[in-house]
Number of protein chains: 2
Amino acid sequence: MLQKANAQVSQANRHRPPSPTLQDVATAAGVSTATVSRCLNAPDRVVAKTREKVLRVVREMGYAPNFGAQALAAKRTNTIGAIIPTMENAIFARGLQAFQEELARHGLTLLVASSSYQPDLEEEQIRTLIARGADALLLIGFDRAQGVYDYLEKRGIPYVISWAHRGGSGPLAVGFDNRAAMRLLADKVFALGHEAVAVISAPVAQNDRARERVEAVQDAAAAAHGAGAAISIVEVPYAIENGARAMADLMAQTPRPTAVLCGNDVLAVGALARTRALGLDVPRDVSITGFDDIELAQIADPALTTVHVPHADMGREAASLIARLLSGGTGESVALETRIVMRGSLGPPGKP
Amino acid sequence: MLQKANAQVSQANRHRPPSPTLQDVATAAGVSTATVSRCLNAPDRVVAKTREKVLRVVREMGYAPNFGAQALAAKRTNTIGAIIPTMENAIFARGLQAFQEELARHGLTLLVASSSYQPDLEEEQIRTLIARGADALLLIGFDRAQGVYDYLEKRGIPYVISWAHRGGSGPLAVGFDNRAAMRLLADKVFALGHEAVAVISAPVAQNDRARERVEAVQDAAAAAHGAGAAISIVEVPYAIENGARAMADLMAQTPRPTAVLCGNDVLAVGALARTRALGLDVPRDVSITGFDDIELAQIADPALTTVHVPHADMGREAASLIARLLSGGTGESVALETRIVMRGSLGPPGKP
DNA sequence: GCAATGCTTGTAAGCGCTTACATTAGTCGG
DNA sequence: CCGACTAATGTAAGCGCTTACAAGCATTGC
């Protein structure tokens, strides 16, 4: 493939001495390759004097192990794959940032792909990352075809689910209970006296997090107003503009909802902006809530009442769980706590 | 669709049959390993009939090449490393998203690390990613020790600089002219009649983008009010809270600036929030501008006048440039256009 | 002082794939 | 129908590292 390199590359390629190999180091240090390898990978299996001599040579020659060779011989790459829906949403980007930082602390490197919330793309990415030598994977949410789980098991690739958590057995997960989190918020909304409540959610098919959040609102409605309580639900992909459009539709309904719970802050911020553009007051005319507690939520005016998701902890914990699994340790799922952040966008329903 | 995967890692590891190798496929298909390899990597060097037979066997056996072996033998990993300051800032996260999508389109995978704006950490990450087999690198900005560039050249690793661009020769870059972009905005500010102007910037040491933006404001000031024109400059790391604190300090100065240009939207949003908390009106009492045009900028109230940075184009172009370099093609730097987005946070100075 | 014991180090066999080169099959003009 | 030439396929040599096993060596107990 890489036949003739371009000007820049070929220049660099021209007179470049091949980088030193283990063998070169071994020869220079007057020991065997095995000893050099041990100095690097299991220093205490080599006597101090030898080790120092070898490491000095390593430093002098600027030796760095060849990745492919190491992967081939050791059957591991110290590389972890993560497939997240998108980095466009700050909550995932920041979770990933924390994940990467913690991985780095364990000598692991992060391989990234995004699925754009498309299950088949996610499946393809999973295969790609495994083919690229990922030693373990981080996946978001539980919803995916059984075949994917089977594949993972068959290949024996450890994986951790994040952004969701369920009691009982099942895949290892580091996340939070989406249903419980949203339920708490919805209960607060109903406790304020709202009756006409609507939800703007991401499409719930193939998305357990979104689905559980919606169900939580339905549960809360049933608890507050009996099984008959109906709430409108609008499903649109996560995007500010979609939140705005969905809100416009809801505000045109009769009777108009007095509270709109959104599936995440991005939708909520769009809804909020549109509401104000329509000349309505938040929360007097309508209350709006979000989910995630990203920066947008505090900046919005009025600031969004939302559910704070511990994205950084989640990323960090997931990374250290993976590190533990890879070093042969055992691991348990971790349930993290969310909390409701009360801000200006939620209030009691206005008296008509 | 829903699944209960019984993921016990140790279980999965127990009796797993080894995945098929090239040799297995070759034997099953009744050809040599070379032919199988060619079917996969250079299909047109194999006659159709053989190819179909081999590919069928590949599919049936679920063969996937061993990454390490491939990397070792082919001396390439189809993996690209990117080192960005942080994913916490949406502008980088989104640029990276576009970068990854385009890489995927070329069959390349993304390896990610973040430097937290620390040069030595960046240098370490560069070495790590190269050691991990990255075929090429994406780096942000030009500022880094000469030794790093030397190392890159010595190792013959192609790299592309993003988020900045300079005329003339030098490293390949896909970015925009930070100085020109900020100059345009600053000129508008001065044209409105502002005289007491301040800047809230990220620390400019080791950060060419930040530095050029500050210098652009100084240039504009000199052009508008003569060489003596002094503007206050506050340097704080990018963070909403830091923007807020810096703004509070500036608002306590006498004379109070009538316009504050911020190094990015994150700082600007913090500055804006604090200004309003202080009871001041934007833009009547003080104008505020940002840089990047992330979502926060439109959501802020008043919405931020800012510089729109084509993050997605940048990511995409950088990825395709890298793909071209790796396939032996030649590449040129790309200069992208920014544009000023006028919104409510900038106005003429209030008459005292 | 000698064998047993426990470390340290060396030897060498792969790991699975790519690819230069050798070999064989196929094509075509004469 | 044959020889020359080209296309298709096979052979086998690594790529650089890890690690099981072997060998060497210094202690230690008797």
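Here is the naming used below: chain letters follow the sequence lines, and residue numbers restart at 1 for every chain. No hydrogens, no waters, no symmetry mates; every other heavy atom, side chains included, goes into these values.
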Identified side chain to side chain contact (heavy atoms under 4.5 Å, CB included) partner of B/Leu139 from the options B/Val148, B/Ile161, B/Ile84, B/Val160: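 The single option meeting the side chain to side chain contact (heavy atoms under 4.5 Å, CB included) with B/Leu139 is B/Ile161.
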
Side chain to side chain contact (heavy atoms under 4.5 Å, CB included) partner of A/Arg132, the single match among B/Thr77, B/Thr79, B/Leu110: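 Result for side chain to side chain contact (heavy atoms under 4.5 Å, CB included) with A/Arg132: B/Thr79.
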
Over how many whole Å does the gap from B/Arg45 atom CZ to C/dT19 atom P extend?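 One finds 10 Å between P of C/dT19 and CZ of B/Arg45, rounded.
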
Under 30°, 30 to 60°, or over 60°: which ring-plane class applies to A/Phe67 and B/Phe67, parallel, tilted or perpendicular?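 Perpendicular: the ring planes of A/Phe67 and B/Phe67 meet at over 60°.
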
Base, backbone or nothing for each nucleotide of nucleotides 13-18 of chain C, written B, S, -, heavy atoms under 4.0 angstrom, 5' to 3'? -BBBBB

Counting only heavy atoms from other residues, nucleotides and ligands, does the tally under 6.0 Å from CD of B/Gln146 exceed 12?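 Atom CD in B/Gln146 is packed in, count exceeds 12.
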
Does a nitrogen or oxygen in the side chain of A/Thr35 sit under 4.0 Å from OP1 or OP2 of C/dG10?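 So the side-chain polar atoms of A/Thr35 do come within 4.0 Å of the phosphate oxygens OP1 or OP2 of C/dG10, strictly under.
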
For A/Asp24, which residues count as a salt bridge (Lys or Arg N to Asp or Glu O under 4.0 Å) partner, sequence neighbours excluded?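 A/Asp24 satisfies salt bridge (Lys or Arg N to Asp or Glu O under 4.0 Å) with no other residue.
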
